[in-house]
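Here's the structure, in structure tokens; my notes come after.
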Amino acid sequence: MKQPLVRIERLIKYFPIRAGVFKRVVAWVKAVDDVSFDVFEGETVGLVGESGCGKTTIGMTLLRLYEPTSGRIIVGEEDTTYYFLPTTKARSYLKRSYTDRFQQLLKEKGSTDSVIDSLQGIDRRYAEIFFGDAKGSASKFLSVMLSNMDEKRKKFRRDLQIVFQDPYSSLNPRLRVKTIVGEGPLTHRLVRGDKEVVERVKAVLEDVGISGEYIYRFPHEFSGGQRQRIGVARALALSPKLIIADEAVAALDVSIRSQVINLMKDLQKEHKLTYLFISHDLSVIKYVSDRVIVMYLGKIVESAPKKNLFDEPLHPYTRALMSAIPIPNPNIKKERIILKGDVPSPINPPSGCRFHTRCYMAVEECSKIEPQLREVKPDHYVACHLVK
Amino acid sequence: MRTETKRMIKRLLRNPSAVLGFSLLIFFTVIAIGAPLICPPQSYDPYMIPIVTWDKTPQPPSTEHPFGVIDGRDIFYGVIWGTRTAFKVGLIVTLTSTIIGLLIGSVAGYFGGWLDEILMRITDVFLSIPYILAAIVVTAFLGMGLNKVMISLIMFGWMATARLIRGNILQVREEQYVLAARALGVNDYLVILKHVLPNTIFPVVIQATMRIGSLVITAAALSFLGLGAPVGYADWGSLLNFARNWLLGASGEAFKYWYAIVYPGVAMVLFVLAWNLVGDALRDVFDPRLRG
């Protein structure tokens, strides 16, 4: 089996709502609720959904700009979930997810080999470390896992980068392009001294189609499309493996949009990049993605290779979305599925299937039992009771 | 970086109002530093204007007293040594109140939550008291003297800064470039230093610069009301206080005692103007978006 570059397991992110003079937590916004998916090397995964469905939160949590409420984020061969936690929290996370579990399994199975055999992937790797190098001692295992944290964090930051939506607020207005794009390489000591910074920045800028002469300009001296390219260049300067494009073209006008998308596609080939493309725009997603994940109210409702999804959408929500894509031909009459009402509040999501309040096919079962994501065809996953 | 500084200075030199502001400021600084040379002190306290005559009527400018005499005191001496007082009041009050404001505002902005709530309500309470009135009451309460005036001005001068820096931090904290810098792996300390502070501190510096001038006016107003410096202290406001009785001039000659008002008044206006122009110039330099 192919090794995923990034694997997200049962990711949950709740935001507290505070009120009153003492800012007590009165409710939680369930932005992302139990989401799992893999991103494989070299592919483009499109994450699509209405605004407020948690797509951006997934991106931010993946980058650890938000700490996840629970779940695991595995990058390459490492569990990175504890990387940015304070030490005490990291220790308790590691204990909870590994050492306690391994010891429990050992009691059940009797021998270390049978424990290791019963596990897969990253768990197996860590179990081998736990029973091998650490000789079953929790404290030794923890000290192995918590060693070289700075290096681990830096590697994580190098490998995962982001391009933001708003080309106006994503570049510091007081810094020159050289400083903005050179900040990453300098932080990670990929370059030393002013000369190397200039060289590196010029090279990256030319990669994204901006003349190297502009390195001493300020962001406000560029157009929206150019600024977005600078945003791409900033991410690219670290030679990352995965770039999260968070609505990266949503703020650009249509002609510029295709330029930037094509640029990103070219860069992908050239630098062997993997993209997680977050967008609400189905036509953009259709153009760039290899695989598409559709989200609704913090949950994945459907996930499939692009062709399957666009040719044969299975989930009622996906079908409604598809029917909303405009076709530039006035002679084609299209059956539109119009969804009634607004997206319900993620503070109190509907029971059962979260989509049942707006679903045109809902039956009684839908409001009671939450549908699980099932593989209904090869690689095509749907969370709906009605899809057989 | 050096070329950048050069370019910045060049740009400043091309801007006439900036040049005027900085020259005025340099001029006042030279006077303040050279005061003992221009007007050698004649008593143990150089800030007390020496009494040259016991005649209370103002005397017009003469070779001996180029700006005239009021209340028996040499106006020239008062204006020259008053420059020092102006700098002292302006700089100390602005610096101290800006630091207090920065501390309160940034704590409120960074930590947020109930701390923010409490600090901002305190700020609101202070803001709801009229500035001059509060300063008068506090000065009257603490007693006369320049230091007391400065204390009262500091006590009621920090709120604007606190609000400014808090608002800016709240805004900048959520900017995507701050998130981007964190995603690049820049450590928090550097993120604050490179991305948050430069986008929050400069408005504070500019505001403080402009406030130095207006503070001198406020201090002068208090002196004019007789609440500031002791009688005879080299202070522009006190000089104007002396002139109060002669404002109307003599019968048939409205401008007979013009020198009593014009010299300290012009000094004060130019001083305020200098700081305002410098503040404007700093804003142009610090905000790259305003560069042509």
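Chain letters run A, B, ... following the sequence lines, proteins first and then strands; every chain starts at 1. Since we're looking at a predicted model, the values are computed, not measured.
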query: What option among Glu221(A), Arg234(A), His188(A), Glu183(A) has the most heavy-atom pairs under 4.5 Å with chain B?
result: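 So the answer, after comparing Glu221(A), Arg234(A), His188(A), Glu183(A), is Glu183(A).
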message: If we define contacts as heavy-atom pairs under 4.5 Å, which of Leu65(A), Leu63(A), Thr187(A) has the most with chain B?
response: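 So the answer, after comparing Leu65(A), Leu63(A), Thr187(A), is Leu65(A).
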Taking the inter-plane angle between the rings of [X] and [Y] on a 0 to 90° scale, is it parallel (under 30°), tilted (30 to 60°) or perpendicular (over 60°)?
X	Y	value
Phe218(A)	His220(A)	parallel
Phe271(B)	Trp236(B)	perpendicular
Tyr14(A)	Trp28(A)	tilted

- request: List the steps and the verdict of side chain to side chain donor-acceptor pair (under 3.5 Å) for Asn199(B) and Asn172(A).
  value: CA-CA 8 Å; Asn199(B) 284 291; Asn172(A) 188 338; 2.9 Å; yes
query: Does any N or O in the side chain of Thr80(A) come within less than 3.5 Å of the main-chain N or O of Ile73(A), such that one atom is a donor and the other an acceptor?
result: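 Side chain of Thr80(A) to backbone of Ile73(A), a donor-acceptor pair under 3.5 Å: yes, one is there.
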Closest-packed option against chain A by number of heavy-atom pairs under 4.5 Å, given Ala183(B), Ala181(B), Gly185(B), Pro198(B):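 Ranked by contacts with chain A, first place is Ala183(B).
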- prompt: Which atoms of Leu171(A) come close to chain B, meaning under 4.5 Å heavy atom to heavy atom: side chain ones, backbone ones, both, or neither?
  reply: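 Only the backbone of Leu171(A) comes within 4.5 Å of chain B.
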task: Identify which part of Arg158(A) has an atom lying under 4.5 Å from any heavy atom of chain B, answering side chain, backbone, both or neither.
output: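 Answer is neither: Arg158(A) stays 4.5 Å or more from chain B.
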